[in-house]
Number of protein chains: 2
Amino acid sequence: MSDQNPLAKSLQLLWEGLPDPEKGPKPKLRLEQIVAAGIELADSEGLEALSMRRLAQNLGVGTMSLYRYVPSKTELLNLMLDAVVGPSPSRFSATDRGWREFLTTTAHEGRRLYLEHPWTLQANWTRPVLGPNSVADMELFMSGLLDLPLKDREKMSLATALDSYVLGAVRQELLWLNAAAESGMTDEEFWTHQLPTLERAMASGKFPAMAALGDDTFDSSWDETFDLGLQLFLDGLESKIQRRKGTANRPDQAR
Amino acid sequence: MSDQNPLAKSLQLLWEGLPDPEKGPKPKLRLEQIVAAGIELADSEGLEALSMRRLAQNLGVGTMSLYRYVPSKTELLNLMLDAVVGPSPSRFSATDRGWREFLTTTAHEGRRLYLEHPWTLQANWTRPVLGPNSVADMELFMSGLLDLPLKDREKMSLATALDSYVLGAVRQELLWLNAAAESGMTDEEFWTHQLPTLERAMASGKFPAMAALGDDTFDSSWDETFDLGLQLFLDGLESKIQRRKGTANRPDQAR
DNA sequence: GAGTACGCTGTACGCCGTACGGTGCACGCA
DNA sequence: TGCGTGCACCGTACGGCGTACAGCGTACTC
C-alpha cells in the first residue's frame, strides 16, 4: 500500500495532497500556496525565473523549507501543470452544440491556455501527469464525443492528435513571439534584420519556388494559420463520419 | 554592412560560417566539428548532458576555447538545429508522386527526424532560425505543392500547420517514452503503477464517460495515432481542393 | 627580426538544485 | 504539569552550470 516508489509518491501528492500532520509545529505554508506562487512566477517572468530560491523568497520562507512540501522541483512542475489544465466553463457549455462546435471550442481553449502559460510547453518535459484535472479534461472530451460513430480507441487517438496540433501550433507561435521579444526588437525590426539575408538567398537562384512566392506569403497571422489547420482537421473528421454513416448506422459496426 | 546586432552575427554564422583568419595561430577546430560533436552528444545522452565543459572535453580542448567559435551556447543550439533539418532524398523523390504522397512523406520524415533528435523539441526554444537548411526545407515544400489550387499564403499556413501537428505529436510521444525510461521502469510497469490510482478515480463516479470506455481504449500505438491525425488532416485538405476545383479552374481565382 | 593579431585556456563569479544536520516548537502522554 | 518526541524551518555547503576576463604563446606581416 505505502509504496516506496517515487511515482506513487507523486500520484499521491496530485490526488490527495499532503497528509496534515498532528505532532510538530504548524506548517507556515500550504501546498497550494506554493503551487500558485510557482504558477504566478512562471507566468509573469518565464520558466527560467522560477528557481527554488526565488520562489522561497516570494513566499517569505527559507529556500529549503519548500522541500518540506515538495520532493523536488520536477514534482512541483508536475503539480503546477495539473493545476493549470482542466475543463473550462465554455467547453462544458459547448458539449451540447454538436461535436464540431465542441472540438473547435476545445482547440481554442487549449490554445488560450498554452498561450497564457507558455511554461507548460517547456516544463512538462519530464512526465505526462495523470492528475485529477487532466483526467477531468479527458472526461469532458469523451463526453463531448459520445454519439460520434467512432470506437473509443479512435476517440482517444483523436484527442491526442488534436492536442498535438494545438500544442505544436502554439509552440511555434511562442517561438516567434519570444524571438522578437528576446532580441529586444519589435516583430517588424526582427524581420527587417532577416530580410537582407533571405533576399540574398533568393537571388542565388537556389530556391526558385521560394523566390516565386507572392509578397503576402508570410503575412498570415497566427490566428489565421491556426484556424486553417483546425478546419482541415475537422473537415477530415467530418468526411470520416459521413463515410461511417453511409456504410453502417450502428456505431459499433464501424470498421 | 557589418552590423553590431547579435542577430546579424547569428545569421552570418549560419549562412557564411566563420571567416578564416590570416594572422594568428591556426585554429585547432572547425565550426562544423563543434556542431557535429554537439549533435552527437545531445543525441546519445540527451540535451541535459550537453554542457560546454562536456563538449569541450569530448573535443579535447579547454572549455573556453569553444567561445572562439560560437558566441554562446544558445547560438550553438541554433547551429545544431539548422544542421539537422533539411530535405531528405525520399522527400525529393516524393515530389512527383502527387501532393498527398508528398505531404505524407514529409510528415513521416519530420516525425523520424524529431524522434532521432529529441533535443530539437527542447532546445529551439530561443529562436526560429532561418538557416540555409531550413530555407531549403521550405523550398522543397513549396515546390512539392506547386500545382495545388491554393494561394501562396495558404500554402505557407499549411506548411506551418502540418509541422505543428508533427511537432506536437512527437513531443507527446517522447513525453511518454521518457517518462517510462526516466523512472527506470518498463512501459508496462509504468502503467501498472498508475492503474490503481486511475481505477480509484473511475470508481468514484466522477468520471462516467471515462469509466464507460472499452478496455482497449488506451492501446493505440503512437504510429496509429499519428497516422489517424495525419489522415484527417489530409482528408480535410482533399475536400478543400475538391471544393476549389468545383468553383474555379484557375488557381488564382481561388477564394 | 620585430610587432601584432589572434587562438587557447585557467581562474573566478554568480547562478542553479538539493543533501545534510542543527534548532526550537507544539502536541501526546505520564 | 512536565517532558519526550516528531516535525517544521533553514543556514551551510557541494558539485554542477554558462561565461567574463586576462595572461600566454603562436605564426603571420612587414
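The structure displayed is predicted, hence computed values, not measured ones. Proteins get letters first, then strands, A, B, ... in listed order; numbering begins at 1 in each. Just the heavy atoms: all of them, side chains too, but no hydrogens, waters or symmetry mates, feed the values below.
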Item to complete: Mark yes or no for whether A/Tyr114, through its side chain, and A/Val166, through its backbone, hold a donor-acceptor pair below 3.5 Å.
Response: no
Worksheet entry | Donor-acceptor contact present, side-chain A/Ser134 to main-chain A/Leu130, <3.5 Å | no
Using whole Å, what does the distance between atom [atom2] of nucleotide [N] and atom [atom1] of [X] come to?
X	N	atom1	atom2	result
A/Met64	C/dC16	CE	P	14 Å
A/Gln57	D/dG11	CD	C1'	15 Å
A/Leu66	C/dA19	CG	P	13 Å

Worksheet item: B/Ile39 and B/Trp119: side-chain contact (heavy atoms from CB on, under 4.5 Å), yes or no, with the steps?
Response: CA-CA 9 Å; B/Ile39 293 174; B/Trp119 49 268; 4.0 Å; yes
Worksheet, complete the sentence: Residues of residues 45-55 of chain B with a heavy atom under 4.0 Å from any atom of DNA chain D, listed by number, are B/Leu50, B/Ser51, B/Met52, B/Arg53
Practice prompt. Enumerate the residues from residues 28-41 of chain B whose closest heavy atom to DNA chain D is under 4.0 Å, giving them by residue number; use none for an empty result.
Written response: none
Worksheet item: Is the phosphate of D/dC10, meaning OP1 or OP2, less than 4.0 Å from a side-chain N or O of A/Ser65?
Response: yes
Discussion item. Whether B/Tyr67 contacts C/dC8 is assessed here as follows: a side-chain N or O lying under 4.0 Å from the phosphate OP1 or OP2. Is that the case?
Written reply: no
Item to complete: Using a strict cut-off of less than 4.0 Å between a Lys/Arg side-chain nitrogen and an Asp/Glu carboxylate oxygen, indicate whether A/Arg54 and A/Glu45 qualify as a salt bridge.
Response: yes
Worksheet item: When you check the gap from the basic side-chain N to the acidic O, do B/Asp227 and B/Arg111 get nearer than 4.0 Å?
Response: no
Item to complete: Between C/dT18, D/dG18, D/dA8, spot the one nearest the side chain of A/Lys73, thanks.
Response: C/dT18
Worksheet item: Tell me, for nucleotides 22-30 of chain D in 5' to 3' order, what letter each nucleotide earns: B for a base near a protein heavy atom under 4.0 Å, S for only sugar-phosphate near one, - for neither?
Response: ---BBSSS-
Worksheet item: After noting the C-alpha distance and the side-chain angles of B/Thr217 and B/Met210, does the key distance pass the side-chain contact (heavy atoms from CB on, under 4.5 Å) rule?
Response: CA-CA 10 Å; B/Thr217 303; B/Met210 295 285 300; over 6 Å; no
Item to complete: Measure the CD-CG distance between A/Gln172 and B/Leu167 for me, rounded to the nearest 0.5 Å.
Response: 5.5 Å
Worksheet item: Does one side chain, of B/Ser157 or A/Ser220, offer a donor that lies under 3.5 Å from an acceptor on the other?
Response: yes
Practice prompt. Assign B/Thr63 to base, sugar-phosphate, or nothing according to its heavy-atom contacts below 4.0 angstrom with the strands shown.
Written response: base
Worksheet item: Does B/Met80 reach the side chain of B/Leu50, with side-chain heavy atoms less than 4.5 Å apart?
Response: yes
Fill in: A/Trp15 side chain reached by B/Arg200 side chain, heavy atoms, under 4.5 Å
no
Discussion item. Tell me whether the rings of A/Phe226 and A/Tyr165 are parallel (<30°), tilted (30 to 60°) or perpendicular (>60°).
Written reply: parallel
